[in-house]
Each structure stands twice: as C-alpha cells, then as structure tokens.
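Below you'll find the structure, written out as structure tokens, and then a few comments.
Along the sequence shown, residues carry numbers from 1.
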Amino acid sequence: MTDTLCFTLPAAWFLDLLIGDPHFRHHPVRYMGKAIERLEPRFRRLPFGLTLSGGLMAVLLISGAWAGTAAFVETARLLHPAAAAVLEILIFYFCIASRGLADAAMTVYRPLRTGRLEPAKERLTMIVGRDVRPLSEEGTARAAVETVAENLVDGVISPLFFAALGGAPMIVAYKMVNTLDSMVGYKNAQYRDFGKIAARIDDAANYLPARLSVPVIALASQLLGGNGKRA
C-alpha cells in the first residue's frame with residue numbers, strides 16, 4: 001500500500017461510516033448500470049454467440065472503468081497532488097458500503113427486538129430476494145445476518161482489498177465487475193449464456209476477499225461478543 005493510500009483509504013472508510021452511501025442521481029454505480037443497460041442490446045447483436053458477446057461486453061466495461069479512472073486520477077495529480085488525494089477519497093467513499101450494510105441490518109433488528117415480527121419481515125424484503133412470509137423470528141434474524149455477511153464481501157472487504165491492491169482504478173474496476181454480476185450474472189433463460197463470463201469474473205474477483213472475510217468476521221465477533229471461535 002502506498003503512502004497516499006495509507007491516508008486516503010482510511011479517510012474514505014471513515015467518511016462512509018460517518019455519512020453512509022449517498023443516494024443521488026450522479027452516483028458512479030448508477031452510471032455503471034446505465035452503461036450496461038445501453039451496451040447490452042448492442043453486444044447481443046454481435047455474431048459471436050451470446051457467451052462470447054457477453055464476455056466481450058464485460059471485459060470492455062471493466063477495462064474501460066479501470067482506464068477511465070486511472071486517467072481521471074492522473075489528470076487530477078497533474079493539477080495538484082492534493083486534488084488527486086481528494087478525488088481518490090471520494091472514489092473510495094462511493095465504492096464502500098459498510099454504513100449501508102449496518103443500517104440495513106438494524107432496520108430488521110429494531111422491530112425484532114420489540115417482538116414485532118411482521119414489520120421486521122417487511123424490512124427484510126428490502127435486502128433479500130427470498131420469500132420471507134414463512135420465516136419465524138429466528139429465521140428472520142438468520143436471513144438478515146446471512147445477507148449482511150454475504151454483502152460484506154461485495155460491499156466492504158472486496159472493495160478495500162482491491163483499493164489496497166491497485167488504488168482508485170482497481171476499486172472502480174471491481175465495482176464494475178460487481179455491478180455486471182448483479183445485472184447480468186443470473187442463471188435464467190435470459191442471462192445464462194450472456195452473463196456467464198461476467199459471473200465467472202465476479203467469482204474470481206471475490207475468491208480471496210471472501211475467504212478473508214472468515215477471520216474478519218470471527219475477529220469482530222470475538223471483540224464485540226467474545227465468541228469468535230463459534231462465529
């Protein structure tokens with residue numbers, strides 16, 4: 001990790017913990033989603049088969065996200081090193097979602113704590129895709145914990161991992177990988193072939209961060225509740 005990252009990455013993480021993910025129309029991930037939506041019909045028309053065409057789109061968008069961010073940060077650095085540092089902090093901030101995960105979990109926890117199961121289930125539907133109607137109080141709590149643990153990788157550990165590995169360009173490239181997977185990486189009739197390579201890239205990108213999440217969760221559990229081994 002470079003000297004700059006030793007400052008910019010913790011600063012961005014603190015900013016996310018303090019403010020949370022901003023919900024506004026110019027969020028970078030929104031533009032990633034729009035780029036995928038616009039390019040998908042064009043790549044589907046390519047005469048290479050859906051699997052290769054989808055893979056080409058994924059590679060183009062991921063490499064474009066990396067190159068565009070690298071050029072943007074380097075331009076800011078040419079203006080002034082401080083401008084590049086501020087830009088990197090903002091980029092990291094937009095790509096980390098630790099506060100959002102915590103808030104999502106607490107919206108389920110609060111009604112559960114007071115015995116209000118139905119409001120807890122209603123809040124749970126905002127963060128899971130499964131049918132929550134048959135869930136008990138214990139099942140509702142378990143579903144919330146499971147989805148937070150799963151999204152901990154996508155929203156916190158993987159972004160931090162790739163930011164430490166390659167700075168702003170790498171974290172933005174990872175967010176493009178993750179956005180592609182969330183939009184086209186489905187095993188259904190529409191995306192089984194077209195999104196196959198995008199899903200595989202996402203699996204590969206998250207392989208190490210997902211395994212790093214195990215000791216991170218255990219350590220956090222030990223520090224907060226004294227049951228890291230059980231976790």
Seminar exercise, completed: The reported gap from CG in Leu60 to CE in Met176 (rounded to nearest 0.5 angstrom) is 9.0 Å
Problem set entry | Contact check, side chains of Asp181 and Asn206, non-hydrogen atoms, under 4.5 Å | no
Exercise. Can you get from Phe161 to Val214 by hopping between Ile, Leu, Val, Met, Phe, Trp and Tyr side chains that sit under 4.5 Å apart?
Worked result: no
For this session: Answer yes or no: is there a side-chain heavy-atom contact under 4.5 Å between Arg30 and His26?
Result: no
Exercise. Do Ile36 and Met57 come close enough that some side-chain heavy atom pair is under 4.5 Å?
Worked result: yes
Seminar exercise, completed: In short, Val153 meets Tyr174 closest at the heavy-atom pair O-OH, 4.2 Å
Problem set entry | Test item: Ser158 side-chain N/O and Asp154 main-chain N/O as donor-acceptor pair under 3.5 Å | no
Problem set entry | Arg110/Met106 under side-chain contact (heavy atoms from CB on, under 4.5 Å): CA gap, chis, key distance, verdict | CA-CA 6 Å; Arg110 290 189 188 99; Met106 293 305 292; 3.7 Å; yes
Exercise. Are there more than 12 heavy atoms of other residues, nucleotides or ligands under 6.0 Å from atom CD of Glu122?
Worked result: no
Problem set entry | Atom pair CD (Glu88) and OG1 (Thr69), whose distance is rounded to the nearest 0.5 Å | 10.5 Å
Exercise. Out of curiosity, does Ile201 fall in the hydrophobic cluster containing Leu39 (side-chain heavy atoms, cut-off under 4.5 Å, transitive links)?
Worked result: yes
For this session: If the plane angle is over 60° it's perpendicular, under 30° parallel, otherwise tilted; pick one for His27 and Phe94.
Result: perpendicular
Problem set entry | Side-chain donor or acceptor of Ser221 paired with backbone N/O of Ala218 under 3.5 Å | no
Exercise. What is the minimum heavy-atom distance between Ala82 and His80, and which atoms define it?
Worked result: N-ND1, 3.0 Å
For this session: Determine yes or no for a side-chain-to-main-chain donor-acceptor pair under 3.5 angstrom, with Lys121 supplying the side chain and Arg133 the backbone.
Result: yes
Problem set entry | Derivation and outcome, salt bridge (Lys or Arg N to Asp or Glu O under 4.0 Å), residues Glu37 and Lys34 | CA-CA 5 Å; Glu37 288 177 350; Lys34 290 178 180 179; over 6 Å; no
Exercise. Is any side-chain heavy atom of Met32 less than 4.5 Å from a side-chain heavy atom of Val172?
Worked result: yes
For this session: Would you kindly confirm whether Leu112 and Val128 end up in one hydrophobic cluster when ILVMFWY residues are joined by side chain heavy atoms under 4.5 Å apart?
Result: yes
Exercise. Under 4.5 Å between any side-chain heavy atoms of Ile127 and Thr107, yes or no?
Worked result: no
Exercise. Considering all heavy atoms of both residues, which atom of Phe92 and which atom of Gly167 are nearest to each other, and what is their separation?
Worked result: CE2-C, 3.7 Å
Exercise. Which distance, rounded to the nearest 0.5 Å, do you find between the OG of Ser98 and the CG of Asn151?
Worked result: 12.5 Å
For this session: Of all the heavy-atom pairs spanning Ala149 and Ile217, show the shortest one and how long it is.
Result: CB-CD1, 4.5 Å
Exercise. Any chain of hydrophobic side-chain contacts (each under 4.5 Å) joining Ile62 to Met183?
Worked result: yes
Exercise. With a 4.5 Å heavy-atom cut-off, do Arg123 and Arg116 have their side chains touching?
Worked result: no
Problem set entry | Closest approach of Ala163 to Ile171 (non-hydrogen atoms, all atoms of both residues) | CB-CD1, 3.9 Å
Exercise. Same hydrophobic cluster for Leu9 and Trp66, using side-chain heavy-atom links shorter than 4.5 Å among ILVMFWY?
Worked result: no
Problem set entry | Within 6.0 angstrom of Phe72 CZ, more than 12 heavy atoms from elsewhere | no
Seminar exercise, completed: In this structure, CD1 of Ile197 is separated from CG of Asp202 (nearest 0.5 Å) by 14.0 Å
For this session: Indicate yes or no for a side-chain donor-acceptor contact from Thr147 to the backbone of Ala143 under 3.5 Å, with no hydrogens or angles considered.
Result: no
Exercise. Under a 4.5 Å cut-off applied to non-hydrogen side-chain atoms, are Arg99 and Ile19 in contact?
Worked result: no
Problem set entry | Reported CG-to-CZ distance for the pair Leu124 and Arg142, which is rounded to 0.5 angstrom | 12.5 Å
Seminar exercise, completed: Heavy-atom closest pair (Leu180 atom, Ala198 atom, distance to 0.1 Å) is CB-CB, 4.2 Å
Exercise. When rounded to the nearest 0.5 angstrom, what distance separates CD in Glu40 from OG in Ser53?
Worked result: 11.0 Å
Exercise. Can you check whether Val132 reaches Thr140 side chain to side chain, under 4.5 Å on heavy atoms?
Worked result: no
